[in-house]
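Have a look at the structure below, then the notes.
Note that these values count all heavy atoms, side chains included, but never hydrogens, waters or copies made by symmetry.
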Amino acid sequence: MSKYLPLFPLSIVVFPGEKLNLHVFEPRYKQLVLDCVENEKTFGIPTYIQSGVGVYGTEVEILNIEKRYDNGEMDIRTKGLKFFKILHFDRMAPGRLYAGGEVEEVENKDDGDIITKLNITESLKELYEALGISKLFLELPENYKSFDIAHHLGLTTEQEYALLQLESETERQEAIFLHLQQILPVVQETERLKDRVKLNGHFKQLMPPDF
């Protein structure tokens, strides 16, 4: 079934389950936030990509208004709920300053393969170690989903947007593992190159060949 949502396009990808803090300063989006709070409604964040509003986005709920400023600006805390596809987009919702649109929820198959998941976890750990940021490696719970790590994979906005459109956990796992398989050797070789460059000019203790 479809429904009409206030829309807040942003040049980011928001994933279901993600917590997002926003500073709201434009009059149209200040109106959007106040409308949603007053009516206890959600709104959508479609990705603004390639100079246009993308067809896909995520419905979010406002957890609370963290701070209100004298000029009407606000800091808000939100949480992603589920992703959607826009069926019809209005640059201005009827009688409002902000955009709106008719959207339908995208079916999300909560499947997944345990072996692929273990491979992803190990590859992600190797990536962080290769980058020298192993201390930042996430202590992932056993029940983590692809969306939980999507922002920690080094994906471009375009790649994150493509990931959002996949309708099953299995498809997302396969896409993530393929990405890690592709970039991990590149990162590891880059780090080895950096080590070789650092050694250049240093005194070297080398064992001459025995001939």
So for atom CZ, which belongs to Arg96, do other residues, nucleotides or ligands contribute more than 12 heavy atoms lying within a distance under 6.0 Å?
yes
Test side-chain hydrogen bond (donor to acceptor under 3.5 Å, both in side chains) applied to Glu26 - qualifying residues, sequence neighbours left out:
Arg28
Which atoms form the tightest heavy-atom contact between Leu164 and Phe83, and what is the distance?
O-CE1, 3.0 Å
For Asn64, side-chain contact (heavy atoms from CB on, under 4.5 Å) partners two or more places apart
Glu66, Arg77
Contact between Ile120 and Gln173 at the side-chain level, heavy atoms closer than 4.5 Å - yes or no?
yes
May I ask you to list the residues sharing a hydrophobic cluster with Phe25, side-chain cutoff 4.5 Å, ordered by chain and number?
none
Does Leu131 belong to the same Ile/Leu/Val/Met/Phe/Trp/Tyr cluster as Leu153, with side-chain heavy atoms less than 4.5 Å apart forming each link?
yes
Among residues two or more places apart or on two chains, list those pairs meeting salt bridge (Lys or Arg N to Asp or Glu O under 4.0 Å) that have a residue in residues 49-58.
none
Quick check: do Val13 and Tyr56 have side-chain heavy atoms less than 4.5 Å from each other?
no
Distance check, rounded to the nearest 0.5 Å: Ile176 atom CD1 versus Leu124 atom CG?
9.0 Å
Supply the atom-to-atom distance Asn21 CG to Lys79 NZ, rounded to the nearest 0.5 angstrom.
13.5 Å
Walk me through it: do Leu180 and Glu126 pass the test side chain to side chain contact (heavy atoms under 4.5 Å, CB included)?
CA-CA 10 Å; Leu180 290 172; Glu126 289 180 25; over 6 Å; no
Could you pull out all residues at least two apart from Asp113 that satisfy side-chain hydrogen bond (donor to acceptor under 3.5 Å, both in side chains)?
Thr116
Scanning both residues in full, the closest heavy-atom pair of Val187 with Ala130 reads CG1-CB, 3.8 Å
Members sharing Leu87's hydrophobic cluster, built from side-chain contacts under 4.5 Å between Ile, Leu, Val, Met, Phe, Trp and Tyr, are none
Can you name the residues that form a side-chain contact (heavy atoms from CB on, under 4.5 Å) with Val53, not counting sequence neighbours?
Pro9, Pro46, Tyr48, Ile86, Phe89
According to the salt bridge (Lys or Arg N to Asp or Glu O under 4.0 Å) rule, which pairs have a member within residues 37-62, sequence neighbours left out?
Lys3-Glu59
All heavy atoms of Leu7 vs all of Gly101, minimum pair found to be CD1-N, 3.6 Å
How long is the gap from CD1 on Ile183 to CD on Gln188, to the nearest 0.5 Å?
10.0 Å
Once you round to the nearest 0.5 Å, how far does OG of Ser146 lie from CD of Glu174?
10.0 Å
What's the shortest heavy-atom distance between Asp111 and Ser168, and which atoms?
OD1-CB, 3.7 Å
Closest heavy-atom pair, Tyr4 versus Glu102, reported as atoms and distance to 0.1 Å, is CD1-OE1, 3.7 Å
Looking at residues at least two apart in the chain, or sitting in another chain, which of them share a salt bridge (charged side-chain N to carboxylate O under 4.0 Å, His left out) with Glu169?
Arg172
Apply salt bridge (charged side-chain N to carboxylate O under 4.0 Å, His left out) to Glu171 and list each qualifying residue two or more places apart in sequence or on a separate chain.
none
Close side-chain approach of Val55 and Tyr161, heavy atoms under 4.5 Å
yes
Taking ILVMFWY side chains as joined if any heavy atoms are under 4.5 angstrom apart, and letting links pass through other members, which residues group with Ile45?
Phe8, Leu10, Ile12, Val14, Leu20, Leu22, Val24, Tyr29, Leu32, Val33, Leu34, Val37, Phe43, Val60, Ile62, Ile65, Met74, Ile76, Tyr98
Does NZ in Lys85 sit with more than 12 non-hydrogen atoms of other residues, nucleotides or ligands closer than 6.0 Å?
no
In chain order, what residues pass the side-chain contact (heavy atoms from CB on, under 4.5 Å) check against Pro141, with sequence neighbours excluded?
Asn143, Tyr144
Nearest heavy atoms of Ala175 and Leu163, plus distance in Å
CB-CD1, 4.2 Å
For the side chain of Lys67 and the backbone of His23, is there at least one donor-acceptor N/O pair under 3.5 Å apart?
no
Output for pair (Leu155 CG, His179 NE2), nearest 0.5 Å, gives 4.5 Å
Are the side chains of Thr42 and Leu5 in touch, meaning some heavy atoms are under 4.5 Å apart?
yes
Supply the atom-to-atom distance Phe15 CZ to Glu160 CD, rounded to the nearest 0.5 angstrom.
4.5 Å
